[in-house]
A.B. asks: 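Handing you this structure, nothing more for now.
Computation of the quantities below employed the complete heavy-atom set of this structure, encompassing side-chain atoms and omitting hydrogens, waters and symmetry-equivalent molecules.
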Amino acid sequence: MTHVQRRARIALTIGKPTSARALAARANYVAALERARAEVVVLEPGDRIPADVDGLCLAGGPDIAPARYGESDPKHLANEPDLERDELEFEAIDAALRRDIPVLGICRGFQLINVALGGALVLHVDRHEPDDPDSVRLHHDVAIDPSSKLAAASGSAPLDVNSRPDGAVTSKELAPSLRATASVGELIEAFESGTHRWVVGVQWHPERIGKDQGMSPGVEGVFAAFVQEAARTTTASR
């Protein structure tokens, strides 16, 4: 087959804009993907998932419904789940994994990948989320597995990253087909699939580069690597 390089068409799943903050967050994701030379297709809850996208980016957002991973006590939820968004994104990742197209999950998206592949979540971690809901918590010198797709994208040197979720993933909750590629203490901050072409999740927010002081410049490289992988296709796949 003849391989061709073209602009990747990326589905970005995100919540319906309900505030100026939500609109600004959406703009950050779109800008990061467009800087990586992607054609961005924004999908909101209720939208139909196009069959011809080349990659799926799962954005940050509210907590996933605990019932999705067998949790019956939701008392530690930071916010109310968006059930329509859950439906959209679980359907979208199922379709993406069946087609084996690249998937990038960020924050909520990181957690959603883990749940979709059979993992679970820690509902609440003390001192993990920032005091200000509009801010982030910095983690310094996060070691990256040098053999990982993340290291290929962002470099193998330790990264200073931002994080803001209340929940988390540890080795106990990690899905069987995923392997941790970065951790802060017992909390997994990045992973990748060992059984799919390119599935990477990061708990931090690389789309906020330039917004949060102290982040390593290399964090944004994950977008370029994701979009580049999504652009790899064959003439027979269309």
A.B. asks: Is a side-chain N or O of R9 found less than 3.5 angstrom from the main chain of E39, in a donor-acceptor match?
C.D. replies: no
A.B. asks: Around E34, counting heavy atoms of other residues, nucleotides and ligands shown, do more than 12 lie under 6.0 Å from its CD?
C.D. replies: yes
A.B. asks: Has T170 got a side-chain atom pairing as donor or acceptor with K172's backbone, closer than 3.5 angstrom?
C.D. replies: yes
A.B. asks: How far apart are the closest heavy atoms of G119 and A175, and which atoms are they?
C.D. replies: N-CB, 3.7 Å
A.B. asks: Verify, without hydrogens or angle tests, whether E84 (side chain) and P45 (backbone) share a donor-acceptor contact under 3.5 angstrom.
C.D. replies: no
A.B. asks: About how many Å separate CZ of R68 and CG of D86, when rounded to the nearest 0.5 Å?
C.D. replies: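 Reported to 0.5 Å precision, the distance equals 5.5 Å.
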A.B. asks: Counting distance only, does the side-chain N/O of D160 pair as donor-acceptor with the main-chain N or O of D141 below 3.5 Å?
C.D. replies: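 The answer is yes, because a donor-acceptor pair under 3.5 Å joins these two groups.
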A.B. asks: Check whether any side-chain N or O of D100 sits under 3.5 Å from a backbone N or O of R197 as a donor-acceptor pair, and report yes or no.
C.D. replies: yes
A.B. asks: If every non-hydrogen atom of A96 is compared with every non-hydrogen atom of V103, which pair is closest and at what distance?
C.D. replies: CB-CG2, 3.8 Å
A.B. asks: Measure the spacing between CZ of R35 and CD of E207 and express it to the nearest 0.5 Å.
C.D. replies: 9.5 Å
A.B. asks: Any donor-acceptor pair under 3.5 Å linking the side chain of N114 with the backbone of L121?
C.D. replies: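 Here the side-chain-to-backbone pair does not exist.
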A.B. asks: With rounding to the nearest 0.5 Å, note down the distance linking CD in Q228 to CH2 in W198.
C.D. replies: 10.5 Å
A.B. asks: Hey, could you give me the CZ/OG distance between R179 and S147, rounded to the nearest 0.5 Å?
C.D. replies: 4.0 Å
A.B. asks: Report the relative orientation of the aromatic rings in H205 and Y29; use parallel for angles under 30°, tilted for 30 to 60°, perpendicular for over 60°.
C.D. replies: tilted
A.B. asks: Counting only N and O atoms by type, is there a donor-acceptor contact under 3.5 Å from the side chain of S148 to the main-chain atoms of A151?
C.D. replies: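 Checking the backbone N and O of A151 against the side chain of S148, a donor-acceptor pair under 3.5 Å is found.
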A.B. asks: Which residues pass the side chain to side chain donor-acceptor pair (under 3.5 Å) test with S193, not counting sequence neighbours?
C.D. replies: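 Counting only residues at least two positions away or on another chain, S193 forms a side chain to side chain donor-acceptor pair (under 3.5 Å) with T195, H196.
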A.B. asks: Between I188 and Q203, which heavy-atom pair has the shortest distance, and what is it?
C.D. replies: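 Nearest pair, atom of I188 first, then Q203: O-CB, 4.4 Å.
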A.B. asks: Using side-chain contact (heavy atoms from CB on, under 4.5 Å) as the criterion, point out the one residue from I14, L112, L104 that pairs with L58.
C.D. replies: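 For L58, the side-chain contact (heavy atoms from CB on, under 4.5 Å) test succeeds with only one of I14, L112, L104, which is L112.
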A.B. asks: Between S19 (side chain only) and A22 (backbone N and O only), is there a donor and an acceptor less than 3.5 Å apart?
C.D. replies: yes
A.B. asks: Which residue, E44, E89, R85, forms the side chain to side chain donor-acceptor pair (under 3.5 Å) with T13?
C.D. replies: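 Exactly one pass, corresponding to E89.
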A.B. asks: Nearest 0.5 Å, please: how far is CG in D54 from CZ in F226?
C.D. replies: 9.5 Å
A.B. asks: Give a yes or no on whether a salt bridge exists between D52 and R99, defined as a side-chain N under 4.0 angstrom from a carboxylate O.
C.D. replies: no
A.B. asks: CG/L159 to CD1/I144 distance, rounded to the nearest 0.5 angstrom?
C.D. replies: 4.5 Å
